[in-house]
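See below for the structure under consideration.
For this chain, numbers begin at 1 and follow the sequence in order.
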Amino acid sequence: MSTHFAEVLARESACLAGVTDGAKLADWRRRVVEELMTPLSPYVFALRQTGDVPGRADFLDRWRELLAETVDRLLRSGTTGDTHSSGQTRRTDVDAQKTALLILATLHGGSTLSQITKDPWPLNAALDLALAPFTATEDNSPARTGTSSPIGNMNT
């Protein structure tokens, strides 16, 4: 397995294991966005579509599983932005495996768009949607920096 893959999995394993509530999820999100916006980050190299295809597939599957475990833990703890759910009620409308795949796809696609535009807005906007079940409605504004238009830099 590539050193970039191994480094990302080691970091994600440690960081995601500590995600037990919305505040810790927000901390994970900020950290991963920062990693994906740093050109020489192992996260950027690991998500590139070059090199070892079987290794990349294994890497993505293992990262998806770490994300699914985290989503399941958050669901079991009642950590959702749904103001109608009681504190310890598990949401049955959120599938941990599908949500983990959505988060992984968001990280991949959102980071690609953000790197092209040199603006974290596309990644943050995509994460807003992927993480919506776990964020309070009053906290759904994207963590925005950069251009004022979501597609302002995409044509340059």
Side-chain angles (χ1 to χ4, degrees), residues 1-38 41-115 120-145 150:
M1 178 173 283
S2 157
T3 57
H4 300 300
F5 296 159
E7 186 173 349
V8 170
L9 288 174
R11 287 187 193 180
E12 287 300 292
S13 181
C15 291
L16 288 169
V19 174
T20 56
D21 59 30
K24 291 177 181 165
L25 180 63
D27 290 342
W28 170 82
R29 174 191 172 143
R30 277 188 292 278
R31 185 192 58 76
V32 85
V33 167
E34 183 178 315
E35 287 285 352
L36 289 168
M37 292 305 299
T38 302
S41 166
Y43 285 70
V44 173
F45 290 115
L47 288 179
R48 273 197 205 159
Q49 300 234 11
T50 60
D52 179 16
V53 173
R56 187 171 48 264
D58 181 51
F59 159 72
L60 292 172
D61 190 52
R62 290 170 66 185
W63 195 0
R64 182 198 44 78
E65 193 54 42
L66 291 171
L67 289 164
E69 290 168 6
T70 302
V71 167
D72 189 55
R73 184 171 52 256
L74 291 171
L75 291 170
R76 281 187 277 113
S77 74
T79 301
T80 68
D82 184 0
T83 56
H84 300 293
S85 69
S86 62
Q88 295 301 315
T89 302
R90 180 185 170 119
R91 284 189 61 165
T92 57
D93 62 329
V94 178
D95 179 278
Q97 291 294 326
K98 288 180 182 179
T99 302
L101 186 60
L102 175 61
I103 294 167
L104 193 57
T106 294
L107 293 173
H108 193 274
S111 67
T112 299
L113 291 172
S114 285
Q115 289 163 8
W121 190 87
L123 178 54
N124 277 309
L127 280 168
D128 283 345
L129 295 173
L131 299 176
F134 308 102
T135 55
T137 55
E138 56 270 303
D139 193 22
N140 275 346
S141 61
R144 184 169 173 100
T145 61

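One distance of note links CZ of Arg48 with OG1 of Thr112; it measures 11.0 Å at 0.5 Å rounding. Note that CG of Asp61 is 10.0 Å distant from CG of Leu66, once rounded to the nearest 0.5 Å. To the nearest 0.5 Å, atom CZ of residue Arg29 and atom OG1 of residue Thr106 are 10.0 Å apart. Between atom CE of residue Met37 and atom CG of residue Asn124 there is a gap of 9.0 Å, rounded to the nearest 0.5 Å. To the nearest 0.5 angstrom, Leu107 atom CG is 9.5 Å from Leu102 atom CG. Interatomic distance, Thr99 OG1 to Leu74 CG, rounded to the nearest 0.5 Å: 10.5 Å.
Across every non-hydrogen atom of Pro122 and Ser114, the tightest pair is CD-OG, 3.4 Å. Annotation for Val33 and Pro120: closest pair CG1-CB, 4.3 Å, computed over non-hydrogen atoms. Nearest heavy-atom pair, Val8 versus Ala46, reported as atom, atom and distance to 0.1 Å: CG2-CB, 4.0 Å. Listed here is the closest heavy atom pair of Ala68 and Ala100: N-CB, 3.3 Å.
One finds no salt bridge joining Asp27 and Arg31 here, because no Lys/Arg side-chain nitrogen approaches an Asp/Glu carboxylate oxygen to under 4.0 Å. A salt bridge between Arg11 and Glu7 is present, with a side-chain N of the basic residue lying under 4.0 Å from a carboxylate O of the acidic one.
Without hydrogens or angle criteria, Arg62 side chain to Phe5 main chain gives no donor-acceptor distance under 3.5 Å.
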> Could you walk me through whether Leu47 and Leu36 pass the side chain to side chain contact (heavy atoms under 4.5 Å, CB included) check?
Replying inline: CA-CA 9 Å; Leu47 288 179; Leu36 289 168; 3.6 Å; yes

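At least one side-chain heavy atom of Ile103 sits less than 4.5 Å from a side-chain heavy atom of Val71. Annotation: side chain of Glu35 is in contact with side chain of Pro42 (closest heavy-atom distance under 4.5 Å).
No side-chain donor from either of Arg56 and Gln49 sits under 3.5 Å from a side-chain acceptor of the other.
Taking the six-membered ring where tryptophan is involved, the planes of Trp63 and Tyr43 are perpendicular, since the angle between them exceeds 60° and thus also 30°.
Atom CD of Gln97 has more than 12 neighbouring heavy atoms from other residues, nucleotides or ligands inside a 6.0 Å radius.
A side chain to side chain contact (heavy atoms under 4.5 Å, CB included) with Leu67 holds for exactly one of Leu101, Asp72, Val19, Leu16; it is Leu16.
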